[in-house]
Amino acid sequence: MSVVRRLVAASAAAGATSLVRGALDWQPPGGAATWTRTNHRGEPVSLLEGPSLAAGVLAGALVGTGGARATAAATVAVVGSGAFGLVDDLREDTSTRTKGLRGHLGALAHGRLTTGGLKVLGIGASALAAAALAPPAGGAASRPVARAVDTLASAALVAGTANLVNLLDLRPGRALKASALVAAPLVTGPGGGVASAVLGAASTAIEADLAETDMLGDSGANALGAALGAALVLGAPRRVRLGALAVVVGLTLASERVSFTRVIERTPVLRELDAWGRRPAHVRRPAPVPAGGGRATGPDAA
């Protein structure tokens, strides 16, 4: 993949993110209140960043991903994760205390389908479809059974990264910074078009996210994470994909018991990176914002 194509993918993602965000801000579907939530400071922020960024990542991936199968895989991963995340954003039953992957899977086991449970099933299905559509990457197995196992592992990676990025979206800029750090080294590989789209969309969304007027929500975070997973599936060697899957699974399991925010705050390098560009804790936003959305769940909610 040429450098020019990667630059075009990043530019398309950045431009589409900005364009869609402006259009949604001008006339929010259902009114501004539909997209308004309260962040960790108790201030209003907007969920409109989520669908805007998902649209930007999709636009960049369509431009930058070479080949019909690779393009279809990236499209299904981003659209599926973003759409089911949006359902959870807008239709979540806040009267229940079902939180986290374990909570939603537990509800499903007892025959109760939450919006979070629907999201788990929907993202899982779209990740499986994306993995099946993706062309064989480096080290792909040749035997039918081994190929099936490879496809399941790739699907788990796409779904897992979608969930993990969502777990990081608890403080301004955190999920975008982490996604950019992961995407940067992937730009030079076969999945570079999707990785470039992640960088382009994130570069546009980061300003409002750090200013705490916008947040990704489930829609944006899930789409961003699924795109990272797709970039790995499309280009990384098998050993790298399996290693990445092990890291994703390990962090996801750890999140059920450990607060990422507390770990970050106790680690000087991570603390400085996490706080970069963000308002200090004691500084309030100078003026109210017309539209807003955001929430913190899991161990960090306290």
Side-chain angles (χ1 to χ4, degrees), residues 1-3 5-6 9 57 60-61 64-78 80-81 101 120 123-168 175 177-199 202 221-256 258 260 263 269-270:
M1 179 182 294
S2 68
V3 173
R5 190 164 189 171
R6 296 187 189 101
V57 172
T65 307
R69 288 185 63 178
T71 302
T75 299
V76 170
V78 173
S81 297
L101 184 61
V120 170
I123 291 179
S126 61
L128 182 59
L133 287 167
S142 57
R143 296 180 180 179
V145 174
R147 282 204 306 270
V149 173
D150 230 16
T151 299
L152 289 174
S154 293
L157 179 57
V158 173
T161 52
N163 180 65
L164 183 58
V165 172
N166 191 37
L167 292 176
L168 293 174
K177 292 173 188 175
S179 297
L181 288 173
V182 174
L186 300 178
V187 167
T188 58
V194 184
S196 297
V198 168
L199 289 174
N222 287 148
L224 196 64
L228 288 174
L232 284 164
V233 167
L234 292 174
R238 189 184 188 195
R239 284 189 297 178
V240 174
R241 297 196 307 273
L242 293 177
L245 177 59
V247 171
V248 168
V249 171
L251 289 174
T252 301
L253 293 175
S255 72
E256 295 289 338
V258 179
F260 286 166
V263 172
V269 174
L270 294 179

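It should be emphasised that the depicted structure is a prediction, and the values quoted were computed from it without experimental measurement.
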Nearest atoms (heavy-atom pairs only) where [X] meets [Y]:
X: Ala159; Y: Gly124; value: CB-CA, 4.5 Å
X: Ala73; Y: Leu234; value: CB-CD2, 4.4 Å
X: Thr252; Y: Leu164; value: OG1-CD1, 4.4 Å
X: Ala155; Y: Ala131; value: N-CB, 3.6 Å
X: Ala77; Y: Val158; value: CB-CG1, 4.0 Å
X: Val194; Y: Ala231; value: CB-CB, 4.1 Å

Can you measure from [atom1] ([X]) to [atom2] ([Y]) and round to the nearest 0.5 angstrom?
X: Leu251; Y: Leu167; atom1: CG; atom2: CG; result: 9.5 Å
X: Leu186; Y: Leu228; atom1: CG; atom2: CG; result: 7.0 Å
X: Leu224; Y: Leu168; atom1: CG; atom2: CG; result: 10.0 Å
X: Leu242; Y: Leu232; atom1: CG; atom2: CG; result: 11.5 Å
X: Thr161; Y: Asn166; atom1: OG1; atom2: CG; result: 11.5 Å

Pair Leu152, Leu128 - check side chain to side chain contact (heavy atoms under 4.5 Å, CB included), show working.
CA-CA 7 Å; Leu152 289 174; Leu128 182 59; 4.0 Å; yes
Using atom types as modelled and distance alone, determine if a side-chain donor or acceptor of Arg6 lies under 3.5 Å from a backbone N or O of Gly193.
no
I'd like to know if the side chain of Ser81 reaches the main chain of Val78, judged simply by a donor and an acceptor atom lying under 3.5 Å from each other, with no hydrogens or angles considered.
no
Under the side chain to side chain contact (heavy atoms under 4.5 Å, CB included) rule, what do Arg241 and Asp150 come out as? Steps first, then yes or no, please.
CA-CA 10 Å; Arg241 297 196 307 273; Asp150 230 16; 3.4 Å; yes
If you apply the rule side chain to side chain contact (heavy atoms under 4.5 Å, CB included), what do you find for Val248 with Leu157, and how did you get there?
CA-CA 7 Å; Val248 168; Leu157 179 57; 4.3 Å; yes
CA sep, side-chain torsions, deciding dist, call: Leu270, Phe260, side chain to side chain contact (heavy atoms under 4.5 Å, CB included)
CA-CA 11 Å; Leu270 294 179; Phe260 286 166; over 6 Å; no
